[in-house]
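Working notes, structure below.
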Amino acid sequence: MSPVAVAFEAVSKSYGTRTLLDRVSLGVEAGDRIGVVGRNGSGKSTLLRLLAGDEQPDDGRVAQGGSLRVGLLAQADLLDPAVTVRHAVVGDVPDHTWAADPRRRSVVTGLGLADRLDDVVGPLSGGERRRVALGALLVADTDLLVLDEPTNHLDVEGVAWLATHLAAYGARRGALVVATHDRWFLDEVCERVWEVNDGSVDSYEGGYSAYVLARAERIRRADSEESRRRNLLRKELAWLQRGPPARTSKPRFRIDAANALIENEPPPRDSLALRTFAATRLGKDVFDAESISVARGGRTLLTDVTWRLGPGDRIGLVGANGSGKTTLLRLLSGEEQPDGGAVRRGLTVRLGVLTQDVAEINPGLRALEAVEEAGRVLEVGRGREMTASALLEQFGLPAARQWTFVRDLSGGERRRLALLRLLMDRPNVLLLDEPTNDLDVDTLTALEDVLDGWSGTLVVVSHDRYFLERTCDDVQALLGDGTLRMMVGGIEEYLERRRQLLAGPAAGSGSGSGGSGGRATRSDHSAADARTGRKELARLERTLDRLSRTELELHASLAEAATDHERLLGLDARLRDVVAEKGRTEEAWLTLASELE
């Protein structure tokens with residue numbers, strides 16, 4: 001791949017009377033990892049399609065390297081509905097061939113497709129099709145990956161896996177451009193951020209944390225920006241600075257400049273004061289779930305779980321796809337009943353529920369009317385109140401757009417209306433199921449600001465780690481074994497517990513197996529044996545990925561130590577050990593995979 005993969009030269013692009021890009025010049029080089037942010041409708045997807053060559057500019061020039069191999073994940077997939085998942089992802093490559101490739105194997109398992117390979121694409125849900133399209137792209141040989149919202153429909157584990165996978169892709173000098181509202185993902189994966197705004201593209205060095213700092217500094221220098229946005233950025237910056245140590249330890253996050261910006265900035269919220277006020281509104285009882293058990297579709301989701309929610313609790317609920325998060329919210333709301341046990345609700349609870357399916361809003365209403373139908377003023381903490389119009393503007397609908405009919409709004413805008421209507425109804429308990437879907441970064445920041453001053457009990461289901469850490473005080477996890485447990489260490493503890501849960505039983509079963517009998521077929525395995533086998537496969541795949549990364553690092557170290565004879569000998573011996581261990585692990589994987597066929 002050439003040093004410059006793609007270059008924009010004074011590129012302009014318009015739709016109708018709206019100019020999305022106005023004489024933009026930029027470039028993507030080998031090894032770049034760029035995140036693209038901006039308000040919904042600002043032109044992010046258009047920028048990505050121009051980079052990938054799927055669209056042509058109205059003016060200017062997009063230059064690509066002659067041999068450049070580009071992979072684009074668009075928001076709409078082009079999968080053939082008649083083929084199987086296996087064919088869509090790996091084509092006609094035999095199983096024993098693609099399974100021997102650690103990268104392809106990691107993609108299939110990391111995206112949760114290993115058990116769906118024989119399914120036909122047509123009947124799959126939108127989220128499942130999205131994962132299949134992402135899998136097909138990641139197993140291909142590309143020089144430049146262009147991804148539009150790749151974390152949609154992935155759970156927390158899936159997002160963490162994708163971040164690790166793309167980091168390895170960058171180590172191979174593959175370039176990456178990704179548009180996403182997932183700010184944790186931006187921090188983990190990207191080393192530069194492009195902000196698309198008013199026809200221009202501004203570039204910031206570093207991930208999301210560095211972008212927040214640089215943007216706040218730019219706003220401070222250019223005093224023409226409105227004070228509301230400046231205060232929001234300072235508030236978020238203060239939270240970043242006081243938050244998880246991993247964020248502030250990054251060298252590119254300039255601590256001195258950050259401290260100057262947030263010198264007099266209070267914490268985002270006073271949790272004790274909010275809990276005290278919540279107790280006056282709610283009393284001491286909110287939800288008591290006593291010994292509840294739930295099974296759905298032949299799977300046990302909860303087994304004898306007891307959970308008590310009090311006034312002012314702010315809980316982030318995490319778990320793998322299908323572990324029962326949405327079901328648990330429905331139990332709390334009363335929409336469903338447990339198979340065993342009982343859920344008791346406090347007498348003073350005034351419930352607000354945001355589901356993944358946005359409730360239908362009268363299409364004949366205008367946006368402002370739709371919000372004012374639920375309420376005209378919202379208290380947002382510390383004695384502040386905001387009108388429906390001011391909130392709409394903060395949530396990305398300026399005054400001129402507030403008189404647009406609901407039927408003419410985009411899906412993301414209608415979701416914002418549903419969220420604002422929910423808040424305007426003044427609930428004292430909020431159950432939010434994936435509230436970050438279809439929201440851009442600025443709108444997410446505005447939502448977090450509103451929730452900071454909201455006094456009540458909050459339960460949030462989301463795959464957005466940043467949003468959970470930012471708005472919630474505690475994390476509860478459905479580990480997939482029928483239990484619900486507090487994660488004192490937050491999301492990181494949850495991911496570690498899941499790794500242990502998946503690897504532990506397999507390791508135990510391996511130590512107890514003996515003999516040299518013939519290979520078992522699928523019919524010889526019980527359902528439990530099959531599950532154990534798949535967990536062992538997952539453990540072996542993680543080991544192979546780790547060994548592959550170590551092998552790449554050792555090759556790089558050997559090149560650097562070309563003139564150091566003693567160091568060369570030590571590195572070479574270590575490399576031989578790693579290659580040998582990798583060979584043994586691959587053989588174990590192939591053996592187990594054939595037994596499970």
Side-chain angles (χ1 to χ4, degrees), residues 24 26-39 42 44 47-48 145 147 149-151 159-160 162-164 166-167 169-171 175-197 200-222 225 229-263 265 267-268 436 439-446 448-449 464-471 491-492:
V24 170
L26 50 81
V28 181
E29 300 181 1
D32 277 353
R33 288 186 283 170
I34 300 168
V36 182
V37 300
R39 282 202 176 275
S42 61
K44 302 188 297 295
L47 174 64
L48 297 192
L145 279 177
L147 308 178
E149 296 293 354
T151 64
V159 173
L162 182 60
T164 301
L166 292 177
Y169 178 80
L176 169 71
V177 181
V178 53
T180 180
H181 66 267
D182 191 317
R183 293 159 291 176
W184 177 88
F185 187 80
L186 283 170
D187 249 349
E188 284 295 305
V189 172
C190 300
E191 295 176 344
R192 199 191 321 167
V193 172
W194 285 348
E195 182 185 32
V196 184
N197 185 39
S200 65
V201 179
D202 296 322
S203 181
Y204 299 85
E205 290 298 322
Y208 180 76
S209 300
Y211 157 72
V212 169
L213 171 61
R215 191 179 175 203
E217 286 180 317
R218 181 175 292 187
I219 290 173
R220 185 178 62 168
R221 290 194 302 267
E225 281 283 356
R229 183 169 295 186
R230 180 167 61 248
N231 290 338
L232 276 180
L233 283 166
R234 289 173 56 211
K235 182 176 185 178
E236 185 170 16
L237 183 62
W239 178 79
L240 281 167
Q241 185 75 330
R242 297 174 180 126
R247 284 203 179 85
T248 55
S249 65
K250 295 186 178 183
R252 61 176 178 267
F253 197 94
R254 291 166 284 175
I255 302 300
D256 292 340
N259 287 336
L261 277 172
I262 66 170
E263 185 176 2
E265 186 69 19
T436 66
L439 300 185
D440 56 50
V441 169
D442 283 351
T443 305
L444 285 172
T445 305
E448 290 158 356
D449 182 55
D464 189 328
R465 288 176 65 168
Y466 190 105
F467 185 81
L468 288 176
E469 291 172 347
R470 174 69 175 78
T471 58
I491 303 294
E492 285 299 328

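Each residue takes its place number in the sequence, starting with 1.
- A heavy-atom distance below 4.5 Å is found between the side chains of Glu448 and Tyr466.
- What you find for Glu205 and Ala210 is that their closest heavy atoms are O-CB, 3.4 Å.
- Contact of the Val159 side chain with the Arg465 side chain is not registered, since no non-hydrogen atoms from C-beta on lie closer than 4.5 Å.
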Exercise for review: Show the numbers, then the answer: is there a side chain to side chain contact (heavy atoms under 4.5 Å, CB included) between Thr436 and His181?
Suggested key: CA-CA 8 Å; Thr436 66; His181 66 267; 3.7 Å; yes
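- Taking the side chain as every heavy atom from C-beta outward, Arg183 and Leu444 approach each other to under 4.5 Å.
- Atoms CD and CD1, on Glu29 and Ile34 in that order, are 8.5 Å from each other to the nearest 0.5 Å.
- With respect to Val36, the side chain to side chain contact (heavy atoms under 4.5 Å, CB included) criterion is satisfied by exactly one of Leu48, Leu186, Val178, Val193: Leu48.
- In terms of the side-chain hydrogen bond (donor to acceptor under 3.5 Å, both in side chains) criterion, residue partners of Thr445 (sequence neighbours excluded) are, by chain and number, Glu236.
- Considering only residues two or more places apart in sequence or on other chains, Tyr211 meets the ring-ring contact (aromatic ring centres under 6.0 Å, His included) condition with Tyr204, Tyr208.
- A side chain to side chain contact (heavy atoms under 4.5 Å, CB included) with Asp182 holds for exactly one of Leu162, Val189, Asp464; it is Asp464.
- The side chain to side chain contact (heavy atoms under 4.5 Å, CB included) search around Ser42 returns Lys44, Val196, not counting sequence neighbours.
- With sequence neighbours excluded, the residues satisfying side chain to side chain contact (heavy atoms under 4.5 Å, CB included) with Ser203 are Arg192, Trp194.
- Here the closest heavy-atom approach between residue Ala179 and residue Pro150 is recorded as O-CD, 3.7 Å.
- Partners of Thr443 by side-chain hydrogen bond (donor to acceptor under 3.5 Å, both in side chains), not counting sequence neighbours, listed by chain and number: Arg39, Asp440.
- At least one side-chain heavy atom of Leu166 sits under 4.5 Å from a side-chain heavy atom of Leu147.
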